[in-house]
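Just so it is clear, the values below take in all heavy atoms, side chains as well, and ignore hydrogens, waters and symmetry mates.
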Amino acid sequence: LSDVAHSQNAPEVYDNPTIFFEKTFPTDGLQELLDSLATRFVSHHNDEYSGTNGIIRLDTSFGGGKTHNQIAAYHLAENPEKVPVDMLDNEETADNYSEAVALGLDVNTAVFVGTHVGGTSARWDYTDPDAPDTKAMWGELAYQLFGKEGYEFLRENDEDRTPPGSAKLERLFERQSNPSLVLIDEI
């Protein structure tokens, strides 16, 4: 997941969304996940309430496909035009999603994989000269989602290594008009 989102080192079968979805069987669980995300993205894009839960916890045993599902979710957000319609189980959702993509749906995306950061630094991208030296997951996610403005909003929490609390996170997300996808793995 981290290589797909943050480097040029991911195997092509994961990095290239066309190949990824050609090689991916649309299981019920994967379709349910992508349907739920597409519904939320479209509803947010249309300024409507989706009626779906904003937090999805993937709970499977080791080797159960969590990372594969997260890569699929990443591609749904970052490469929506490359997601085959049969990956979405609900035809109406697929049609609405395709329409929103054609109208410019843009999803803010952040990926945090705990095994790829150190205990004193959460920074992902050392090639970005503007990236702050984040100390905690929250500062890194804010920067990935919303750039310097997002990081500055959570700077104190990041520097103190304290969680921001749900009200502050809500205010962070409300500062942006696009839907957001946060993928967290291995923490």
Visitor: Give a yes or no on whether V85 and L76 share a hydrophobic cluster (residues Ile, Leu, Val, Met, Phe, Trp, Tyr; joining criterion: side-chain heavy atoms under 4.5 Å apart).
Guide: no

Visitor: Look at the side-chain heavy atoms of Ile, Leu, Val, Met, Phe, Trp and Tyr, link any pair under 4.5 Å apart, and say whether L34 and Y14 land in one connected group.
Guide: yes

Visitor: Identify the heavy atoms of V113 and S2 that sit nearest to each other, and give their distance.
Guide: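 Where V113 meets S2 most closely, the heavy atoms are CG2-CB, 3.9 Å.
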
Visitor: Closest heavy-atom contact between D133 and S121?
Guide: OD1-OG, 3.4 Å

Visitor: Go through E174 and R171 one step at a time and tell me if the salt bridge (charged side-chain N to carboxylate O under 4.0 Å, His left out) criterion holds.
Guide: CA-CA 5 Å; E174 288 170 354; R171 289 195 317 272; over 6 Å; no

Visitor: Are there more than 12 heavy atoms of other residues, nucleotides or ligands under 6.0 Å from atom CD of Q176?
Guide: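 For Q176, atom CD is crowded (more than 12 foreign heavy atoms under 6.0 Å).
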
Visitor: Could you tell me whether D28 atom CG has more than 12 heavy atoms of other residues or ligands within 6.0 Å of it?
Guide: no

Visitor: Where do D158 and A136 come nearest, in terms of heavy atoms and distance?
Guide: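 Looking at all heavy atoms of both residues, the shortest contact is OD1-N, 2.8 Å.
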
Visitor: Which heavy atom of A77 sits nearest a heavy atom of P80, and at what distance?
Guide: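 It is O-CD, 3.8 Å.
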
Visitor: Calculate, to the nearest 0.5 Å, the distance between atoms CG and CG belonging to N69 and L1 respectively.
Guide: 11.0 Å

Visitor: Between T24 and M87, does a side chain to side chain contact (heavy atoms under 4.5 Å, CB included) hold up when you go through it step by step?
Guide: CA-CA 9 Å; T24 296; M87 286 293 155; 4.2 Å; yes

Visitor: So how far is it from H6 NE2 to Q144 CD, rounded to the nearest 0.5 Å?
Guide: 4.0 Å

Visitor: Do the side-chain N and O atoms of D106 and N178 include a donor-acceptor pair separated by under 3.5 angstrom?
Guide: yes

Visitor: In plain terms, say whether E152 and K148 are close enough for a salt bridge, that is, a side-chain N and a carboxylate O under 4.0 Å apart.
Guide: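 Salt bridge: no.
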
Visitor: Could you tell me how the ring of H75 sits relative to the ring of F20: parallel (under 30°), tilted (30 to 60°) or perpendicular (over 60°)?
Guide: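 The arrangement is tilted - the two ring planes meet at 30° to 60°.
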
Visitor: Looking at E91, I want to see if its CD is surrounded by more than 12 non-hydrogen atoms of other residues, nucleotides or ligands under 6.0 Å.
Guide: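 Counting neighbours around CD of E91, 12 or fewer heavy atoms of other residues, nucleotides or ligands fall under 6.0 Å, so no.
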
Visitor: Under the rule for side chain to side chain contact (heavy atoms under 4.5 Å, CB included), what residues qualify as partners of N96, not counting sequence neighbours?
Guide: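 So N96 forms a side chain to side chain contact (heavy atoms under 4.5 Å, CB included) with V42, E92.
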
Visitor: Going hydrophobic residue to hydrophobic residue with side-chain gaps under 4.5 angstrom, can you get from Y151 over to F146?
Guide: no

Visitor: Give the C-alpha distance, both sets of side-chain angles, the deciding distance and a yes or no for side chain to side chain contact (heavy atoms under 4.5 Å, CB included) between H45 and E99.
Guide: CA-CA 11 Å; H45 180 75; E99 183 180 321; over 6 Å; no

Visitor: Any chance you could pull the hydrophobic cluster mates of L103, using side-chain heavy atoms under 4.5 angstrom and chaining through other members?
Guide: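 None; L103 is a cluster of one.
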
Visitor: Over all heavy atoms of both residues, which pair between V107 and L181 is shortest? Give the atoms and the distance, please.
Guide: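 Scanning both residues completely, I find the closest heavy atoms to be CG1-N, 3.9 Å.
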
Visitor: Is there a donor-acceptor pair under 3.5 Å between the side chain of D35 and the backbone N or O of N90?
Guide: yes

Visitor: Test side chain to side chain contact (heavy atoms under 4.5 Å, CB included) on D185 and L58; report intermediate values, then the result.
Guide: CA-CA 10 Å; D185 201 7; L58 302 177; over 6 Å; no

Visitor: Calculate, to the nearest 0.5 Å, the distance between atoms CD and CG belonging to E78 and N108 respectively.
Guide: 9.0 Å

Visitor: Closest approach of F25 and L30, non-hydrogen atoms and distance?
Guide: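 F25 and L30 have their closest heavy atoms at O-CD2, 4.0 Å.
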
Visitor: Same cluster or not: are F21 and Y97 linked, directly or through other Ile, Leu, Val, Met, Phe, Trp or Tyr residues, by side-chain heavy atoms under 4.5 angstrom apart?
Guide: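 Per the 4.5 Å side-chain linkage, F21 and Y97 are co-clustered.
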
Visitor: Say whether L88 and V101 are linked into one hydrophobic cluster, either directly or through other cluster members, by side-chain heavy-atom distances under 4.5 angstrom.
Guide: yes

Visitor: How long is the span from the CD atom in E149 to the CG atom in L154, to the nearest 0.5 Å?
Guide: 11.0 Å

Visitor: Tell me whether the guanidinium CZ or amine NZ of K168 lies under 6.0 angstrom from the six-membered ring centre of F153 and within 45° of its axis.
Guide: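 Yes, a cation-pi geometry holds between K168 and F153.
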
